[in-house]
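To start, the structure under review is shown below, and the notes come after it.
Since we're looking at a predicted model, the values are computed, not measured. Naming convention: chains lettered A, B, ... in sequence-line order (proteins, then strands); numbering from 1 in each chain.
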Number of protein chains: 2
Amino acid sequence: MRQVAKRVTSADVAQEAGVSRTTVSFVLNNRPGHAIPEETRQRVLEAARRLRYRPHASARALAAGHSDIVLLALPDMPIGAGISRFSEELATALAERGLTLVAHFAGADDQSLQDVCAAVDASAVVGLGAFEPATVQALHSAGVKVVIPSDGNAPSMRHVGRLQAEHLIERGHRHLGYAMPTHPSHLPMARHRLQGATDVCAAASLEPPVVIDVELEIAAAEQAVRQWTSRSVTGVCSFNDETALAVLAGAREAGVAVPRDLAVVGADDIPTAALSLPALTTVSFDLREAGRQRAEAVASALAGRAPTSDAAPVGPELIVRASG
Amino acid sequence: MRQVAKRVTSADVAQEAGVSRTTVSFVLNNRPGHAIPEETRQRVLEAARRLRYRPHASARALAAGHSDIVLLALPDMPIGAGISRFSEELATALAERGLTLVAHFAGADDQSLQDVCAAVDASAVVGLGAFEPATVQALHSAGVKVVIPSDGNAPSMRHVGRLQAEHLIERGHRHLGYAMPTHPSHLPMARHRLQGATDVCAAASLEPPVVIDVELEIAAAEQAVRQWTSRSVTGVCSFNDETALAVLAGAREAGVAVPRDLAVVGADDIPTAALSLPALTTVSFDLREAGRQRAEAVASALAGRAPTSDAAPVGPELIVRASG
DNA sequence: TTGAAAGCGCTAACAA
DNA sequence: TTGTTAGCGCTTTCAA
């Protein structure tokens, strides 16, 4: 005695509306060229509504040769409000274009990403950071048509690092440090941000930042701070706010006064950044706009169009609180 | 000049191995009953490997009548490390059973959830909190076979609140406060946790906790702290660590010493909890085990089996640092 | 032990 | 303007 919830098929709709399945398909997908009289259209639409018809995604994908699934590859650790907003916006903008977004929490390995792509028959993958070339290759061979790393806006990523460094340099710091995250999935993005900071130093004829890996743990952060101060670093750009909070804690532990003896700048403006003492100066990026842009990029690429002129990307914004 | 990356089909594999497509299908899915000689099996397997064959998910779903996609419905706001680990574990355990997990950031509306289910042809949906009965209904009519809310472990949620309150009471606190989150998507879970704390108070013949909504913002938190102290509250259970960090900041601002004048207990043990001053006492729940259990539940339900005996749920664990 | 053949529900030439 | 028809790649019954 199984649930025999007989599926409503397009044939049912066709019959109900007294037309052929072809007509149903054309109406429901507004295929142009096939000028269908309004009267018929309405009849089909109404039949579909009455029957609560939902096209079968798998069947459609099989026949059409492509799905309308877009996969968001998320780095496997902490998803802040920023990313949530990004994906929300991305999902909405994609939906307007008939595409559906689902997310995958990428493990360190590419394998799972490939598998998931194959399993959902994804047409496109949007990444939050960069992708290794090999990964892109693998994705394509897993049937993915379009891969959009979000370092398509690497400039914006670098810009985060740049803003951090500029902020410090403007305040007179001549020896900068950079706090790198230890989590592998953050590394590609971190490198971009670091690059931005490094560029700024070069432009100002300063040494590149002293790069130290900082775990989210007080003792480790304390060591990092001691190293920086012993190398006369007075200002630290941190990959993100969590890392920055660790640096803050490390400084406290090492007896280094922030911002007097060591200035710290974070990134991403997580909610708790404003709660620390001293409150964290941070650089934040409007991911919403980025979400919309990615959606457009995906849609264009899938349609074979050249990506439409990238609407002027909204740059990151510096949020100065007390500690920087 | 489009990429003509001709798909490798099971027919190709069949030809390469010199067998029929039926045989290929049987081998690749280890269909029992069809005792296939080891020699043939190997031949097929190797041909598949050589050709890098990947079954086409949509075609398979269409033919089989169901996909192997499980959708994780995430509340729309902040995804901490806990949830990441949960979904990681869930994904792994599902994969072992041939199922694939993807996530959806649910907006407030059920509509998008339904749409996504239909779009990926999901067989099952796992929720993080509870589902309204109407939602469950809607999901079923969107073709979802199995819906697993995770408030199946409401007891564990309540247990979080219980541990927090017990910890405070053991330390002599007689007037407790409870810091509620303001984000709507946290509310259902927060109510469960609060209930646990309330139960403990009742059992100890104490007044129920003084409940105050705390935004992640210093001024608001300061107000909350003042209210608590003015009502002689000396210990506060916070919905989660972020809220607790806000309370900590509010106390600092209000000139209330933690933990001397006000003890604070958080929940979830986010990485930055250990970085605050004073370090946050927190109650953390092993979501990994929960992930494995959900996977088993999904697999059982999809197979039409009764869920196997729920392996004894691993309870939350109290992590005492300094501030509680 | 293996293969032939009939669909699954949909799209899209091509006819009418 | 609408319908006929042939698949998309896979599973699975039934026959060999």
Side-chain angles (χ1 to χ4, degrees), chain A residues 4-44 47-48 51-69 98 118-121 123 142-143, chain B residues 4-44 47-48 51-69 98 118-121 123 142-143:
Chain A
V4 188
K6 205 77 204 75
R7 231 184 185 300
V8 177
T9 75
S10 82
D12 297 327
V13 177
Q15 178 164 22
E16 174 87 5
V19 298
S20 78
R21 296 175 53 217
T22 312
T23 306
V24 172
S25 176
F26 284 163
V27 170
L28 263 32
N29 305 318
N30 329 269
R31 270 278 163 296
H34 288 262
I36 290 183
E38 189 56 22
E39 197 266 321
T40 312
R41 255 179 60 77
Q42 288 307 330
R43 206 141 34 88
V44 171
L51 266 34
R52 299 181 178 304
Y53 169 69
R54 300 212 105 164
H56 186 103
S58 299
R60 187 210 275 263
L62 178 58
H66 63 263
S67 73
D68 39 25
I69 301 298
V120 297
D121 197 7
S123 283
Chain B
V4 187
K6 205 77 202 73
R7 231 187 185 298
V8 178
T9 74
S10 81
D12 297 326
V13 177
Q15 179 164 21
E16 175 86 6
V19 298
S20 78
R21 296 174 51 218
T22 312
T23 307
V24 172
S25 177
F26 284 165
V27 170
L28 264 33
N29 303 320
N30 315 282
R31 270 279 163 294
H34 288 262
I36 289 182
E38 189 55 22
E39 198 265 321
T40 312
R41 254 178 61 78
Q42 288 307 330
R43 206 141 37 86
V44 171
L51 266 34
R52 300 181 178 305
Y53 169 67
R54 301 211 114 175
H56 186 103
S58 299
R60 188 210 275 263
L62 178 56
H66 63 263
S67 73
D68 39 24
I69 301 297
V120 298
D121 198 8
S123 283

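Contacts of Ala63(A) classified as side-chain contact (heavy atoms from CB on, under 4.5 Å), with partners at least two apart in sequence or in another chain: none. Remark: Ala64(B) pairs with His66(B) by the side-chain contact (heavy atoms from CB on, under 4.5 Å) rule, at least two apart or across chains. The side-chain contact (heavy atoms from CB on, under 4.5 Å) test applied to Thr22(A) returns Ser20(A), Phe26(A), not counting sequence neighbours. Every residue two or more places apart in sequence or in another chain that forms a side-chain contact (heavy atoms from CB on, under 4.5 Å) with Ser10(A) is listed here: Arg21(A), Val24(A), Tyr53(A). Residues satisfying the salt bridge (Lys or Arg N to Asp or Glu O under 4.0 Å) criterion with Arg43(B), sequence neighbours excluded, are Glu39(B). Every residue two or more places apart in sequence or in another chain was checked for a side-chain hydrogen bond (donor to acceptor under 3.5 Å, both in side chains) with Gln15(B), and none qualifies.
In the interface, the side chain of Ser20(B) is not paired with the base of dA4(C) through any donor and acceptor atom under 3.5 Å apart.
Note on Ser25(A): a side-chain N or O is less than 4.0 Å away from OP1 or OP2 of dT11(C). Under 4.0 angstrom from either OP1 or OP2 of dT11(D) there lies at least one side-chain N or O belonging to Arg60(B).
Heavy-atom distances to DNA chain C give each of Thr23(B) and Thr9(A) a nearest nucleotide, and the one nearer the 5′ end belongs to Thr23(B). Comparing Ala57(A) and Arg43(B), the nucleotide of DNA chain C nearest to each residue sits closer to the 5' end for Arg43(B).
No side-chain heavy atom of Val8(B) sits under 4.5 Å from any side-chain heavy atom of Glu16(B).
Interface residues of residues 10-19 of chain A facing DNA chain C, ordered by number: Ser10(A); criterion, heavy-atom separation under 4.0 Å.
The main-chain N or O of Asp121(A) is found under 3.5 Å from a side-chain atom of Ser67(A) such that the two form a donor-acceptor pair.
Straight-line distance from the CZ atom of Phe26(B) to the C1' atom of dG3(C): 10 Å, rounded to whole Å. The nearest whole Å value for the distance from the CZ atom in Arg41(A) to the P atom in dT2(D) is 12 Å. Here the P atom of nucleotide dT12(D) and the CG atom of Asn30(B) are 13 Å apart, to the nearest Å. For Arg7(B) and dG7(D), the CZ to C1' distance is 16 Å, given to the nearest whole Å. In this structure, CG of Leu28(A) is placed 8 Å from P of dT11(C), rounded to the nearest angstrom. Here the P atom of nucleotide dC8(C) and the NE2 atom of His56(B) are 18 Å apart, to the nearest Å. Distance, Asp121(B) CG to dC8(C) P: 16 Å, rounded to whole Å. The nearest whole Å value for the distance from the CG atom in Leu62(B) to the P atom in dA6(C) is 17 Å.
Taking OG of Ser25(A) as the start and CZ of Arg60(A) as the end, the distance is 8.0 Å to the nearest 0.5 Å.
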Handout entry: Val120(B) and Ile69(A): CA distance, side-chain angles, deciding distance, side-chain contact (heavy atoms from CB on, under 4.5 Å) verdict
Key = CA-CA 7 Å; Val120(B) 298; Ile69(A) 301 298; 3.5 Å; yes
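If you check dG3(D), dG9(C), dC8(C) against the side chain of Ala63(B), the one that comes closest is dC8(C). The nucleotide whose nearest atom lies closest to any side-chain atom of Pro37(A) is, among dG7(D), dT1(D), dA13(C), dT1(D).
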Problem - Dot-bracket summary - DNA chain D, pairs being Watson-Crick or G-U whose distances fall under 3.5 Å, with | when paired to another strand - result: ||||||||||||||||
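When heavy atoms are screened at a 4.0 angstrom cut-off, Thr40(A) is found touching the sugar-phosphate backbone but no base atom.
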